[in-house]
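The structure appears below as structure tokens.
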Amino acid sequence: MTLDYVVIFAVFFVFLIAVAVGIYFTYRQTNKAIKDNDQLAGEIHELKTYLKTKERVSELQVETTSLRENIKDTKDMTDDELLEWIEKHMNESKMFTDPDLSLKDMALRLGLTQKKIKQLVKDSERYNRLYDYLTEKRVLYACELIKANPQWSMEAVSKDSGFVSRTTFQTEFKKRIGVTPAQYRANSQYDVVRVK
């Protein structure tokens with residue numbers, strides 16, 4: 001009977017060693033897999049960063065080409081033609097919906113000098129400053145949004161039009177259109193009338 005215990009103990013001991021060896025090799029393989037996974041994740045991150053950079057470079061090349069064409073197009077224009085050209089680009093790009101749009105940004109995007117844009121706005125006799133021009137563009141765009149999207153909240157219309165706050169939106173809308181945005185929405189027969 002003691003021999004049976006020795007055999008059972010030996011078999012159990014061999015089993016424990018086999019389990020321990022299995023755990024050890026599993027642990028090593030898991031660690032290797034984790035390291036490989038971390039390395040692969042790092043490489044994927046680097047690849048994504050590279051692709052984003054490459055995409056941004058392509059966008060910048062397109063913007064640069066566009067700016068060169070803009071500069072060439074605008075070189076021989078009269079001020080009236082240039083103002084029409086700016087108006088067309090503003091309407092197509094909707095750059096006025098950027099609440100952080102500055103004179104500098106606008107000049108860069110249009111390929112004009114800040115001085116030239118200021119001069120054109122003042123010479124138009126309609127606006128005293130660029131703020132008035134941009135605000136009017138935003139209000140008129142808000143009118144379009146209200147008509148096209150009656151289910152939108154005024155907050156959404158305000159943000160999509162480029163206004164920083166709803167209060168400014170309400171004030172400027174009423175000042176230029178003559179009614180509040182809610183009144184404008186309620187009575188769809190309002191035409192866009194520029195009130196100053």
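Values in this document were obtained by computation on a predicted structure and should not be read as measured data.
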State, yes or no, whether a side-chain contact exists between V139 and K175 at a heavy-atom distance under 4.5 Å. no
Donor on one side chain, acceptor on other, T171 and T168, under 3.5 Å: no
Considering only heavy atoms from C-beta outward, does the side chain of C143 approach that of I177 to under 4.5 Å? yes
Can you tell if the side chain of M154 reaches within under 4.5 Å of the side chain of I146, non-hydrogen atoms only? yes
Can you confirm whether the side chains of T135 and D132 place a donor and an acceptor under 3.5 Å from each other? no
Rounding to 0.5 Å, atoms CE (M95) and CG (D105) come to a distance of 9.5 Å
Here the ring-ring contact (aromatic ring centres under 6.0 Å, His included) pairs for residues 24-52, sequence neighbours left out, are none
Looking at V121, N91, L112, which one forms a side-chain contact (heavy atoms from CB on, under 4.5 Å) with I86? L112
Flag the pair E87 / K137 as yes when at least one side-chain heavy-atom distance between them is below 4.5 Å, and no otherwise. yes
Closest approach of Q170 and P181, non-hydrogen atoms and distance? OE1-CD, 3.2 Å
Pair up each side-chain donor or acceptor in residues 33-42 with any protein partner under 3.5 Å, not counting sequence neighbours, and list the distances.
{"residue": "D36", "atom": "OD2", "partner": "K32", "partner atom": "NZ", "Å": "3.1"}
{"residue": "Q39", "atom": "NE2", "partner": "E43", "partner atom": "OE2", "Å": "3.4"}

Contacts of L103 meeting side chain to side chain contact (heavy atoms under 4.5 Å, CB included) (sequence neighbours excluded), chain-then-number -> Q114, I117, K118, L130
Inter-residue atom distance T49.OG1 - I44.CD1, 0.5 Å rounding: 11.5 Å
Main-chain N/O of T78 paired with E81 side-chain donor or acceptor, under 3.5 Å: yes
Are any of the side-chain heavy atoms of L82 and Q119 separated by less than 4.5 Å? no
Rounded to the nearest 0.5 Å, how far does CG of L120 lie from CG of D79? 5.0 Å
Separation between NZ of K94 and OG1 of T97, rounded to the nearest 0.5 Å: 8.5 Å
When you measure from the side chain of S161 to the backbone N and O of F163, does any donor-acceptor pair fall under 3.5 Å? no
So, the side chain of N149 versus the backbone of Q151: is there a donor-acceptor pair under 3.5 Å, distance only? no
Any salt bridge linking E84 with K88? Criterion: basic side-chain nitrogen under 4.0 Å from a carboxylate oxygen. no
Is there a donor-acceptor pair under 3.5 Å between the side chain of Q183 and the backbone N or O of T180? yes
Counting only heavy atoms not in K159, do more than 12 sit closer than 6.0 Å to its NZ atom? no
Under a 3.5 Å distance rule, please check whether R138 uses its side chain to pair with a backbone N or O of F96 as donor and acceptor. yes
Within this structure, what is the CG-OG1 distance for the pair N31 and T26, rounded to the nearest 0.5 Å? 11.0 Å
Does the side chain of K147 reach to within under 4.5 Å of the side chain of Y184, using non-hydrogen atoms? yes
Do R109 and S93 touch side chain to side chain, with heavy atoms closer than 4.5 Å? no
Could you give me the CA-CA distance, side-chain angles and deciding distance for D123 and K116, then say whether salt bridge (Lys or Arg N to Asp or Glu O under 4.0 Å) is met? CA-CA 10 Å; D123 288 353; K116 186 64 176 177; over 6 Å; no
For F173 and F169, take the angle between the two ring planes, folded into 0 to 90°, and tell me which bin it lands in: parallel under 30, tilted 30 to 60, perpendicular over 60. perpendicular
Is it the case that one hydrophobic cluster holds both F12 and V21, taking links as side-chain heavy atoms less than 4.5 Å apart, direct or via other members? no
Would you say the side chains of Y141 and E136 form a donor-acceptor pair under 3.5 Å? no
Got a sec: does the NZ of K122 have more than 12 other heavy atoms crowding it under 6.0 Å? no
Does K174 reach the side chain of V179, with side-chain heavy atoms less than 4.5 Å apart? no
